[in-house]
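Everything below concerns the one structure shown next.
Throughout, numbering of the chain's residues begins at 1 and tracks the sequence.
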Amino acid sequence: MQEINLAPRAAGDHQPGRLSSDRTSLPRAAARLGAACGSQTLLRGLDLLDMVATGPLSLSALSTGLRLTKSTTHRLAAALVDRGFLAKTPRQDYALGPRLLELGHAAQRQTDLTRVARPWLERLAAVTRDTVRLAVRDGDQALCVDLCMGQGRLVVSGRVGGRIDLLSSALGKALLLDASPEAMQTLLSASAKGARDSAGWLERMHQYAHFDHAFDLEENDEGIRCVAAPIRDKTGAVVASIGVSAAAGHAPDARMAALAECVRNGAEAISRALGQSRNPSSIEDRTHDAA
């Protein structure tokens, strides 16, 4: 029979498979437990939303379906109501809230946008051999929602989900081309970058709006030049921007002008596919000049 040692352990001894009593193990265990509880609460909230998606339900029905107490179910539902994911009906049942409608519309817009824009990203990347990105506005930043890497010798990197400064990048400026002077001034006032030369920046934006494209001449990243144009939906509102980024040494002013025409044509084509009525010219018309 195996002998079991019941003697106290000396300080510093460690026995595999047994809980350590040192002070650092308890916070780690508590953190793991908290993360597990947070994940479980999130999953319960998603299950609740799935249930209500079939139609308004009472607290009792939700409690039964989730196999939770009424008090726990009520706390969960109340949090979702507070964030707009659930709403109370006149009969005090729970129904899907307005926030879900907003998210659904946003998802639909993004799905349509990336699906429609993807062929044009690939065409621009093939024509220019430079990296092409698609961005939407997210607060005071631009968010990259799709990209197509170039195939040239000097390629600018990027990633989907990357955030880009709204005021210094071409993609960000293109998103602001239809913004009011007051809105632009508000963004400038809140930005350390914009505060350097507000008057000059506003004058350049006025010129960019006239030509319907914007430049980033190493303002956002040293050694990188970019030109972008706005994409508009069927109402004419700017919903996204598309831009080509190139190494500064491979993008002299003459090539940037040719790229601007190429990018603008691509943006107009995507806008047209989204329902905007303006007729684009062909990207291939400028292939030779932009290559």
Using modelled atom types and a 3.5 Å cut-off, is there a donor and acceptor pairing between side-chain atoms of [X] and backbone atoms of [Y]?
X: E218; Y: G223; answer: yes
X: D216; Y: N220; answer: yes
X: D233; Y: G236; answer: yes
X: T131; Y: M149; answer: no
X: T73; Y: T69; answer: yes
X: T128; Y: L124; answer: yes
X: D93; Y: T89; answer: no
X: W201; Y: L167; answer: yes

Say you draw a straight line from [atom1] of [X] to [atom2] of [Y]; how long is it, rounded to the nearest 0.5 Å?
X: F85; Y: L49; atom1: CZ; atom2: CG; answer: 8.0 Å
X: D130; Y: L259; atom1: CG; atom2: CG; answer: 6.5 Å
X: M51; Y: T64; atom1: CE; atom2: OG1; answer: 8.0 Å
X: L76; Y: Y94; atom1: CG; atom2: OH; answer: 10.0 Å
X: K70; Y: S58; atom1: NZ; atom2: OG; answer: 7.5 Å
X: H250; Y: R225; atom1: NE2; atom2: CZ; answer: 12.5 Å

[Y] side chain reached by [X] side chain, heavy atoms, under 4.5 Å:
X: L202; Y: L188; answer: yes
X: L86; Y: L48; answer: yes
X: P181; Y: M184; answer: no
X: R137; Y: L143; answer: no

If I compare all heavy atoms of [X] with all of [Y], which pair ends up nearest, and what's the gap?
X: I224; Y: S245; value: CG2-CB, 4.3 Å
X: A267; Y: A229; value: CB-CB, 3.7 Å
X: L166; Y: A142; value: CD1-N, 4.0 Å
X: V145; Y: V160; value: O-CG1, 3.6 Å
X: P230; Y: A174; value: CB-O, 3.5 Å
X: G243; Y: L171; value: N-CD2, 3.4 Å

Between R67 and D47, does a salt bridge (Lys or Arg N to Asp or Glu O under 4.0 Å) hold up when you go through it step by step? CA-CA 11 Å; R67 297 182 180 180; D47 288 341; over 6 Å; no
I'd like to check the salt bridge (Lys or Arg N to Asp or Glu O under 4.0 Å) partners of D138; sequence neighbours left out, ordered by chain and number. R163
Residues passing the salt bridge (Lys or Arg N to Asp or Glu O under 4.0 Å) test with R44, sequence neighbours excluded, are none
Do I164 and V239 sit in the same hydrophobic cluster, where Ile, Leu, Val, Met, Phe, Trp and Tyr count as joined when their side-chain heavy atoms come under 4.5 Å apart? no
Same apolar cluster (I L V M F W Y, side chains within < 4.5 Å links), F211/M256: no
Taking the six-membered ring for Trp, are H213 and F215 closer than 6.0 Å centroid to centroid? yes
Walk me through whether D165 and Q141 qualify under side-chain contact (heavy atoms from CB on, under 4.5 Å). CA-CA 5 Å; D165 186 78; Q141 294 180 310; over 6 Å; no
Pairs satisfying salt bridge (charged side-chain N to carboxylate O under 4.0 Å, His left out), at least one member in residues 173-190, at least two apart: K173-E219, D178-R232
Looking at D146, I242, L147, which one forms a side chain to side chain contact (heavy atoms under 4.5 Å, CB included) with V132? I242
May I have the step-by-step check of side-chain contact (heavy atoms from CB on, under 4.5 Å) for C144 and L134, ending in yes or no? CA-CA 6 Å; C144 178; L134 180 71; over 6 Å; no
Between E268 and N265, is the side-chain contact (heavy atoms from CB on, under 4.5 Å) condition met? List the steps. CA-CA 5 Å; E268 291 174 355; N265 291 341; 4.1 Å; yes
Does a side-chain N-to-carboxylate-O contact under 4.0 Å join R118 and E122? yes
